[in-house]
Amino acid sequence: MRIPLKPLPLALCSAALLTLAACGGGGGSIDSEPLTPPPPPTTNVSVKVIDGAIGNALVCLDKNGNGACDADETQGRTDANGNVTLAVPDADVGKYRVIAVIGTDAVDADHGPVTTAFTLAAPSDQNAVVSPLTTLVAQTAAAQGLSTAAAAEMLQAISGLPSLMGDYTQNSTPGAATAATVARTLVVTTQQQNTILAPAVGSPAMGGGVITAAEADAAIARALATILPQIVASASNPAVQAACAGTIGSPACAAAIQTQVTTLAPLTGLTPTTLPVQVGIDRSLANATGEGNSTTAGGSLDWLNFTDANNWSYRMFVSSAAESTPGTDGLVRFRDLRSQTTAGTTVNWAFHGDYARRDDMHFNGTTWANCPLGWQNTQTPRDDRGFTEQGIYCGYSFIRSSRSSVDISGQSMNSVVATLRAYPYAYGTTSYTKWGTSSTDGTDKLVLGAATFPAGSKLQYYANATISALPGYDVRPANEMKVFSAAIQAGGDARTDPAHACNSNEARSGAATVQVTTLEQLIAAVKGTPCIYGQWSVTNNGVTFTSTEPSEWWTFAAASVGNIGTAPTSNNPTTGFYTTNSLIRVAFTGSGEKAVTYYGCKQRYSGAIDNCTPIGTGTYTIETLGDGRVLKLNNPPAQTAALTYNRVFVERGGKVYWGYEDKPSTSQRARLNLEAANALFTQIGIPTVTP
């Protein structure tokens, strides 16, 4: 009997067969859908964003390095305590820096709603905390080609802060209060700069392209790193410390910091006019190629002042072809050439901006030596991005730098000089607006007409970092330490005793005459015991100025650590009995072994040191270096952050000298290469340079 087949089951069977074929045996189906690959494995990375704790900050892994949080980058929002956990693909962990974009929808637990947006960052390998301090570390590491550890160590040495990577909002952290005040000063300065620079964002940068907000943020952060000593000094100002002692979020603290920022912000040199130049430079440094070491003779003009053909000065770095060729030690050489002509008389030297300081002695690791004209400095050859890993200047200073160049062949000299003067950074304490001007009156006396730069001319940009330095001292007799007789060094109240040593002719002379021959003699003499007098007064042009009561004379009672401020002194006061300068001094007194006490002192209109008050304590150490002995001061007060050196005292050859040890630092420089410099010299009548 035949059993008829039914069409529908047969159709289902056929469909089943097709489905089975699609699932195996190498078959396929045009109706099949691609399978979604599983997400890559991730690691949870915890991040905390702080000025105070900042809530609702957008935090991301900045994979493309553009300083912004893009939609395809791992990101999240912080909670009210500043915390966020990022699910970072395992392949990306530790590879990219973390940034926090803090908009006006964010809230700071200490300072309230954010009113001006800004961006913070942390290095790729240390991103548990993102703060204004970690931002400086991240930017410095990138700009100088340093590791995070090296950048943090250098900035720590500059600032005197115990750490730049920690969470200073936790009161148990060493130096937390100072770090919090410095961080807040950085944020307020950044916000003020963002407001000032806002008109330039979106405008053309030097070299083309428009300026992004992230590039403005990066330029601000790099500029702040260069003025970190001044920022720390501002945060350590007694008025700021007093206002912020209760809580850093108080209105009084905010007002005190804002007062300091008004002075700090201009020091960055960044304006809507200079930002396009700086962004162009930053791009050039970040993308530098073809800047490797050259084995031809060359040079770079570091600075120029010009009045006329008989009155000028410059600093150049030069090297012959042989010096530019790596030696058997793998290093190349270069020389520092400083030249000055005054009324037609020329002097040349190799060290210090002051010709009289050319013979300063430095310890070079083996012996004490100066840096005479012709001294060969060494460095590793530059790689193809313009980086040199390490250079040794005058045998005592260890540096690292990067360089990029812009071809200025055929460009007018006037336009290039204008670019140099728009460079936002300072040369030491001198604005680049003074490049090429007269050192006599600061006016522009360059007559360049329609002259252009020849082929091969370049404008070079350098990012430099002084990593460390060894001690040095000025050899001139005026720098030899002298003290008064023991009776005067003992100090005391001279107000009611005319026969007191403090009232003697020796004291009235104001000049110490006893030569200090050993560090032990210095330690025994300088004990913080001033002469005490009644109130002093002086009249000038009918105006009488008075001292504090009593008036304490400290010139001999404590040794100089450094002066902060640039107010002049004179024989007659014009605005007050005291200048606005703050004088930091040290005496060898206090509890414990090898104790010192630091003082903040007033400066009398005549320059004398008066009425010091303690600002910190520390210790000293003495070490033998070559045929000399060096006394170093430990735990200096925060106020010394504004100084570019640490004070040391050097004993050599039966004399004791005021000495110095340069602090780590970062700097930016703009220079003309040898071809451009010589063309400019020819135009203005200065002899050209042959390396």
Side-chain angles (χ1 to χ4, degrees), residues 356-357 359-363 367-370 470-492 500-502 504-531 552-563 583-590 593-599 601 603 606-610 612 614 617-634 636 640 643 645-662:
R357 293 282 301 277
D359 290 326
D360 273 24
M361 300 292 287
H362 296 96
F363 188 68
T367 187
W368 292 88
N370 63 3
L470 295 170
Y473 68 95
D474 180 355
V475 300
R476 294 176 299 171
N479 194 50
E480 297 170 7
M481 297 200 70
K482 294 180 173 65
V483 295
F484 287 86
S485 64
I488 293 178
Q489 291 292 149
H500 197 286
C502 290
S504 67
N505 289 333
E506 180 189 5
R508 291 192 184 96
S509 74
T513 59
V514 180
Q515 183 83 46
V516 179
T517 61
T518 68
L519 293 173
E520 286 73 18
Q521 181 186 353
L522 172 68
I523 293 165
V526 180
K527 290 297 186 182
T529 51
C531 284
E552 298 177 354
W553 180 42
W554 278 76
T555 298
F556 66 91
S560 172
V561 173
N563 298 345
L583 311 184
I584 311 301
R585 296 295 184 265
V586 65
F588 300 94
T589 184
E593 187 179 2
K594 298 182 178 180
V596 300
T597 299
Y598 296 102
Y599 299 89
C601 308
Q603 184 184 51
S606 61
I609 298 96
D610 288 1
C612 301
T617 59
T619 60
Y620 69 86
T621 55
I622 297 176
E623 59 180 322
T624 299
L625 298 178
D627 64 351
R629 301 169 70 218
V630 177
L631 185 153
K632 296 185 177 181
L633 301 168
N634 306 314
T640 61
L643 303 173
Y645 61 89
N646 293 315
R647 170 66 71 213
V648 301
F649 301 95
V650 180
E651 175 192 326
R652 283 191 77 224
K655 297 179 179 179
V656 175
Y657 301 85
W658 273 282
Y660 56 86
E661 188 173 72
D662 291 345

Legend entry - Steps toward side-chain contact (heavy atoms from CB on, under 4.5 Å) verdict (Ile622, Lys594): CA-CA 10 Å; Ile622 297 176; Lys594 298 182 178 180; 5.9 Å; no

Legend entry - Working for side-chain contact (heavy atoms from CB on, under 4.5 Å), residues Leu643 and Val561: CA-CA 9 Å; Leu643 303 173; Val561 173; 4.3 Å; yes

Enter the distance from [X]:[atom1] to [Y]:[atom2] here, rounded to the nearest 0.5 Å.
{"X": "Thr517", "Y": "Leu522", "atom1": "OG1", "atom2": "CG", "answer": "10.5 Å"}
{"X": "Gln603", "Y": "Asn563", "atom1": "CD", "atom2": "CG", "answer": "6.0 Å"}
{"X": "Phe484", "Y": "Ser509", "atom1": "CZ", "atom2": "OG", "answer": "5.5 Å"}
{"X": "Ile609", "Y": "Trp553", "atom1": "CD1", "atom2": "CH2", "answer": "9.5 Å"}
{"X": "Tyr620", "Y": "Ile523", "atom1": "OH", "atom2": "CD1", "answer": "3.5 Å"}

Legend entry - Candidates Glu480, Lys655, Arg652 - the one meeting side chain to side chain donor-acceptor pair (under 3.5 Å) with Tyr473: Arg652

Inset, instruction - Measure up the Trp554 and Tyr599 rings against each other and bin them: parallel (under 30°), tilted (30 to 60°), perpendicular (over 60°). - result: tilted

Sub-3.5 Å donor-acceptor pair from the side chain of [X] to the main-chain atoms of [Y], do we have one?
{"X": "Asp474", "Y": "Asn479", "result": "no"}
{"X": "Thr529", "Y": "Gln489", "result": "yes"}
{"X": "Thr555", "Y": "Ala608", "result": "no"}
{"X": "Glu623", "Y": "Val630", "result": "no"}
{"X": "Lys527", "Y": "Phe588", "result": "yes"}

Shortest non-hydrogen contact between [X] and [Y], atoms and distance:
{"X": "Val648", "Y": "Glu661", "value": "CG1-CB, 4.3 Å"}
{"X": "Ser504", "Y": "Ile488", "value": "OG-CD1, 3.8 Å"}
{"X": "Gly528", "Y": "Ala587", "value": "N-CB, 3.4 Å"}
{"X": "Cys502", "Y": "Gly492", "value": "SG-O, 4.1 Å"}

Within the 4.5 Å heavy-atom criterion, are [X] and [Y] side-chain neighbours or not?
{"X": "Lys632", "Y": "Pro471", "value": "yes"}
{"X": "Arg585", "Y": "Ser560", "value": "yes"}
{"X": "Val596", "Y": "Leu631", "value": "no"}
{"X": "Val650", "Y": "Phe363", "value": "no"}
{"X": "Asn370", "Y": "Val475", "value": "no"}

Inset, instruction - Please find out if less than 6.0 Å separates the ring center of Tyr645 from that of Tyr660. - result: no

Inset, instruction - Compute the ring centroids of Trp368 and Tyr657, then answer whether they are less than 6.0 Å apart. - result: no

Inset, instruction - Check each of Leu633, Val526, Thr640 against Val586 using the side-chain contact (heavy atoms from CB on, under 4.5 Å) test, and report the only one that passes. - result: Leu633

Legend entry - Met481 and Gln521: CA distance, side-chain angles, deciding distance, side-chain contact (heavy atoms from CB on, under 4.5 Å) verdict: CA-CA 11 Å; Met481 297 200 70; Gln521 181 186 353; over 6 Å; no

Inset, instruction - For the pair Thr624 and Arg629, evaluate side-chain contact (heavy atoms from CB on, under 4.5 Å) and give the outcome as yes or no after the intermediate values. - result: CA-CA 4 Å; Thr624 299; Arg629 301 169 70 218; 4.1 Å; yes

